[in-house]
**Student:** 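First, the structure itself, so that you have it in front of you.
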Amino acid sequence: MRPAAGTRARIAAPRGPADLLDGIARWGTMPTDAGDFRLRPVRLPADLPLLVDWMNDPEVAAFWELDGPPATTEQHLREQLDGDGRSVPCLGLLDGTPMSYWEVYRADLDPLARHYPARPHDTGVHLLLGPSRARGRGLGSTLLAALAERILDVRPRCRRVVAEPDVRNLPSVRAFERAGFHVAAELDLPTKRAALMIRPRRAVPGPADPRAADARPARPGQDDPRANRQRGQDPLPLP
């Protein structure tokens, strides 16, 4: 789920210091069925040995292509840490234990925006599950769903969370789908053909007017919604 090579070239962003992702370090803990999950921005050099170990796992290296000496991973991280904040590398901690690596980025300010109709404040995610024992049991989709909800909660200007896994990485694509993303298109990026995955902000229905339901006569063959309420049940939603 690594970004395609060359996709971190700069696109014009607001000048001066800016928190382009609304303070990832302050996003807090996300309760999930697997435990309490949170993101912590990467710290160098302390986190480098763990990340180098994960990047040299053959299953990870096949898609991230950051295997090799520590300098390879360090350069990838420093390009983000020393940048303007449009991409933030993070460790994912589950019940306090580091077990995943994440990149949260402003997709609308990323070269990815040249390949799809980006909207302001689109927020992208890349991830890998570090320990092999964490893979293949639905954990990725659980954490993705929690993070997507948190992004949309803490970033009100963001209307969509996006991702672009390699189309060959079927477990990754399925994990995003189980987390509420859908495949919107396939993109030819510089080093891969990617599935553009989108998790939109879901519309919140407004409160129903109870007078409308009470005034509407029941149609033949249907229960009167008022009778359902009298039996202590909610009426079925009407189209």
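All heavy atoms count here, side chains included; hydrogens, waters and symmetry mates do not. We're numbering straight along the sequence, starting at 1.
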**Student:** Just by distance, with hydrogens left out, do Q80 and S87 show a side-chain donor and acceptor under 3.5 Å apart?
**Tutor:** yes
**Student:** So which pairs with a foot in residues 23-34 pass salt bridge (charged side-chain N to carboxylate O under 4.0 Å, His left out), sequence neighbours left out?
**Tutor:** D19-R26
**Student:** Which pair of non-hydrogen atoms, one from A194 and one from V167, has the smallest distance, and what is that distance?
**Tutor:** C-CG1, 3.5 Å
**Student:** Closest approach of L129 and G140, non-hydrogen atoms and distance?
**Tutor:** CD1-N, 3.9 Å
**Student:** Does a side-chain heavy-atom distance below 4.5 Å link L112 with L189?
**Tutor:** yes
**Student:** What I'd like to find out is whether the side chain of L94 reaches to under 4.5 Å of the side chain of L143, using heavy atoms alone.
**Tutor:** yes
**Student:** Of all the heavy-atom pairs spanning S100 and F37, show the shortest one and how long it is.
**Tutor:** OG-CE1, 4.1 Å
**Student:** Of the non-hydrogen atoms in N56 and V52, which two are nearest, and what is the gap between them?
**Tutor:** ND2-O, 2.9 Å
**Student:** How long is the gap from CZ on R137 to OG1 on T142, to the nearest 0.5 Å?
**Tutor:** 9.0 Å
**Student:** Carefully, step by step, assess T73 and L48 under the rule side chain to side chain contact (heavy atoms under 4.5 Å, CB included).
**Tutor:** CA-CA 8 Å; T73 298; L48 186 60; 4.0 Å; yes
**Student:** How about E164 and K192: do any of their side-chain heavy atoms sit closer than 4.5 Å?
**Tutor:** yes
**Student:** Using a 4.5 Å cut-off on heavy atoms from C-beta on, say whether the side chain of V125 contacts that of R199.
**Tutor:** no
**Student:** Around atom CZ of R119, are there more than 12 heavy atoms of other residues, nucleotides or ligands at under 6.0 Å?
**Tutor:** no
**Student:** For D95, enumerate each residue passing the side-chain contact (heavy atoms from CB on, under 4.5 Å) test, keeping only those at least two apart in sequence or located in another chain.
**Tutor:** D36
**Student:** Going by the rule side-chain contact (heavy atoms from CB on, under 4.5 Å), which residues pair with R38 if we only count those two or more places apart in sequence or in a different chain?
**Tutor:** T29, R40, L93
**Student:** Side-chain heavy atoms nearer than 4.5 Å, only ILVMFWY residues, links allowed to pass through others: does that put L44 and L66 together?
**Tutor:** yes
**Student:** Counting only heavy atoms from other residues, nucleotides and ligands, does the tally under 6.0 Å from CZ of R178 exceed 12?
**Tutor:** yes
**Student:** Between D108 and R157, does any NZ, NE, NH1 or NH2 come within less than 4.0 Å of an OD or OE carboxylate oxygen?
**Tutor:** no
**Student:** Output all residues satisfying side chain to side chain donor-acceptor pair (under 3.5 Å) with H115, sequence neighbours left out; order by chain, then residue number.
**Tutor:** none
**Student:** Between CG of D22 and CG of D153, what distance do you get to the nearest 0.5 Å?
**Tutor:** 11.5 Å
**Student:** Might you point out which heavy atoms bring D122 and R160 nearest each other, and give the distance in Å?
**Tutor:** OD2-NH2, 2.7 Å
**Student:** On a heavy-atom basis, which atom in A113 and which in A107 lie closest, and how many Å separate them?
**Tutor:** CB-O, 3.5 Å
**Student:** Using atom types as modelled and distance alone, determine if a side-chain donor or acceptor of R86 lies under 3.5 Å from a backbone N or O of L20.
**Tutor:** no
**Student:** Report the C-alpha separation of F63 and L128 in whole Å, then their side-chain angles, then the decisive distance to 0.1 Å, and conclude whether the side chain to side chain contact (heavy atoms under 4.5 Å, CB included) test is met.
**Tutor:** CA-CA 10 Å; F63 294 102; L128 69 86; over 6 Å; no
**Student:** Just verifying a value: how many Å separate I151 CD1 and C158 SG, rounded to the nearest 0.5 Å?
**Tutor:** 6.5 Å
**Student:** List the residues meeting salt bridge (Lys or Arg N to Asp or Glu O under 4.0 Å) with R159, not counting sequence neighbours, and say none if there are none.
**Tutor:** none
**Student:** Is it true that a side-chain atom of D47 and a backbone atom of R43 form a donor plus acceptor pair closer than 3.5 Å?
**Tutor:** yes
**Student:** Is M99 close to L139 at the side-chain level, that is, under 4.5 Å between some pair of heavy atoms?
**Tutor:** yes
**Student:** With side chains defined as the heavy atoms from C-beta onward, is the minimum distance between Y101 and W64 less than 4.5 Å?
**Tutor:** yes
**Student:** Does some side-chain heavy atom of R155 sit less than 4.5 Å from a side-chain heavy atom of V161?
**Tutor:** no
**Student:** What distance separates L152 CG from L147 CG, expressed to the nearest 0.5 Å?
**Tutor:** 9.5 Å
**Student:** What verdict does the side chain to side chain contact (heavy atoms under 4.5 Å, CB included) test give for F176 and N169, after you've listed the backbone C-alpha separation in whole Å, the side-chain angles of each residue and the deciding distance to 0.1 Å?
**Tutor:** CA-CA 11 Å; F176 277 103; N169 193 347; over 6 Å; no
**Student:** Report the residues that fulfil side-chain contact (heavy atoms from CB on, under 4.5 Å) with E177, sequence neighbours left out, ordered by chain and then residue number.
**Tutor:** V173, R174, V183, M197
**Student:** Indicate yes or no: at least one non-hydrogen side-chain atom of H76 is less than 4.5 angstrom from one of L51.
**Tutor:** no
